[in-house]
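Below is one structure, written out as structure tokens, with a few remarks after it.
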Amino acid sequence: MPRITPNLWFDTQGLEAAEFYVSVFPNSKVTDVTHYAEGGPRPAGSVLTVNFELDGQQFTAINGGPEFTFDEAISLLVNCADQNEVDYYWDKLSEGGEEGPCGWLKDKFGLSWQVCPAGWEAMLNSADHEGAARAMQAMYGMKKLDLAALQAAFDGS
């Protein structure tokens, strides 16, 4: 199967965003930067695209102008191994952005992220429907997900 590369549309902040994202995620780097040429829709020499990798996943940022902005219809999910990772990614990605409900946030560039701990889906999909309902209800009251609190709600304690 061909590799799918998400393209993220920015006004002028593509390079700044890519540099921020590679500073947050391990094993990440900016791999290429292209610039507008003379006669283009933006000033010659300004950044057009930025190719970057976040822990092996390729992305492209394009500085296409203010016509399109991010909304919650698209988000990037960070699957965290434990609460320490949830705390780290939540703190880094929400800095200068906006915390939302149920593990969602917008970063300072307006891109939506879901920061979720391992194991939370198993609770919600459990055959213990009452436990799942309690965990779901607990999640509705959270911004950053708290795995211990979700587990306590699931367990009924």
Side-chain angles (χ1 to χ4, degrees), residues 1-33 47 49-64 68-157:
M1 178 172 157
R3 187 168 190 94
I4 296 170
T5 302
N7 279 258
L8 306 173
W9 183 292
F10 296 89
D11 180 5
T12 60
Q13 316 91 334
L15 182 57
E16 179 187 355
E19 288 173 341
F20 170 69
Y21 300 141
V22 302
S23 77
V24 170
F25 292 91
N27 307 312
S28 301
K29 61 185 174 185
V30 171
T31 58
D32 191 42
V33 178
V47 173
T49 63
V50 182
N51 295 324
F52 61 102
E53 292 181 11
L54 301 180
D55 200 19
Q57 170 65 52
Q58 296 177 349
F59 290 85
T60 297
I62 182 168
N63 286 336
F68 303 109
T69 58
F70 297 118
D71 66 30
E72 291 80 1
I74 184 75
S75 64
L76 301 178
L77 173 62
V78 183
N79 292 299
C80 298
D82 55 31
Q83 191 65 45
N84 286 337
E85 279 193 0
V86 170
D87 295 345
Y88 170 80
Y89 288 110
W90 186 269
D91 293 345
K92 293 291 187 181
L93 292 169
S94 66
E95 185 178 327
E98 177 183 332
E99 296 182 355
C102 304
W104 286 64
L105 64 87
K106 282 188 178 184
D107 68 26
K108 60 187 171 183
F109 303 102
L111 183 60
S112 292
W113 297 81
Q114 298 175 62
V115 182
C116 299
W120 74 279
E121 287 178 318
M123 279 184 261
L124 301 181
N125 292 324
S126 172
D128 177 355
H129 298 294
E130 290 178 7
R134 288 189 302 268
M136 181 74 74
Q137 201 59 41
M139 184 182 70
Y140 290 150
M142 296 178 184
K143 289 189 179 216
K144 177 175 65 173
L145 296 184
D146 180 333
L147 185 56
L150 290 170
Q151 187 67 56
F154 179 83
D155 294 338
S157 54

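Everything quoted here is computed from the prediction, not taken from an experiment.
The shortest non-hydrogen separation linking Asp71 to Ser112 is O-OG, 4.0 Å. Taking both residues in full, the closest heavy atoms of Cys116 and Leu77 are given as SG-CD1, 3.7 Å, listed atom of the first, atom of the second, then distance. Taking each heavy atom of Tyr89 and Cys80 in turn, the nearest pair found is CD1-SG, 4.0 Å. Contact record, Val50 with Val33: CG1-CG2, 4.3 Å, taken as the closest heavy-atom pair. Minimum interatomic distance between Glu99 and Leu105 (heavy atoms only, all atoms of both residues): CA-CB, 4.3 Å.
Separation of atoms OG (Ser94) and CG (Asp107) is listed at 9.5 Å; rounding is to 0.5 Å. In this structure, Leu93 CG and Phe109 CZ are separated by 10.5 Å, a value rounded to the nearest 0.5 Å. From Thr60, atom OG1 reaches atom CG of Asn7 across 4.5 Å, with rounding to the nearest 0.5 Å. To the nearest 0.5 angstrom, Asp128 atom CG is 11.5 Å from Met123 atom CE.
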For this session: Let me see the working for Lys108 and Glu95 under side chain to side chain contact (heavy atoms under 4.5 Å, CB included), right down to the final yes or no.
Result: CA-CA 7 Å; Lys108 60 187 171 183; Glu95 185 178 327; 5.8 Å; no
Exercise. Going through the checks in order, is the side chain to side chain contact (heavy atoms under 4.5 Å, CB included) test met by Val115 and Lys144?
Worked result: CA-CA 8 Å; Val115 182; Lys144 177 175 65 173; over 6 Å; no
For this session: Start with the C-alpha gap between Val30 and Asn51, add the side-chain angles, then the distance that decides, and say whether side chain to side chain contact (heavy atoms under 4.5 Å, CB included) holds.
Result: CA-CA 6 Å; Val30 171; Asn51 295 324; over 6 Å; no
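When the side-chain contact (heavy atoms from CB on, under 4.5 Å) test is applied to Asp11, the partners found at least two apart in sequence or on another chain are Gln13, Arg42, Pro66. For Ser157, the side-chain contact (heavy atoms from CB on, under 4.5 Å) partners are Ala152, Asp155, not counting sequence neighbours. Among residues two or more places apart in sequence or in another chain, the ring pair (Phe, Tyr, Trp, His ring centres under 6.0 Å) test is passed with Phe68 by Trp9. Residues passing the ring pair (Phe, Tyr, Trp, His ring centres under 6.0 Å) test with Trp113 are Tyr21, Phe25, sequence neighbours excluded. Leu8 meets the side-chain contact (heavy atoms from CB on, under 4.5 Å) test with Phe10, Phe52, Phe59, Phe70, Leu111; sequence neighbours excluded.
Using a 4.5 Å heavy-atom cutoff, the side chains of Val86 and Leu147 are not in contact. The closest side-chain heavy-atom distance from Gln57 to Pro6 is below 4.5 Å.
Side-chain contact annotation: Ser28 with Asp55, donor-acceptor N/O pair under 3.5 Å absent. Counting only N and O atoms by type, the side chains of Gln114 and Ser75 include a donor and acceptor under 3.5 Å apart.
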What donor-acceptor contacts under 3.5 angstrom involve side-chain atoms of residues 134-142, with partners at least two apart or in another chain?
from: Arg134; atom 1: NE; to: Ala153; atom 2: O; distance (Å): 2.8
from: Arg134; atom 1: NH2; to: Phe154; atom 2: O; distance (Å): 2.6

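For the side chain to side chain contact (heavy atoms under 4.5 Å, CB included) criterion with Gln58, the lone passing option out of Thr31, Thr5, Ile4 is Thr5.
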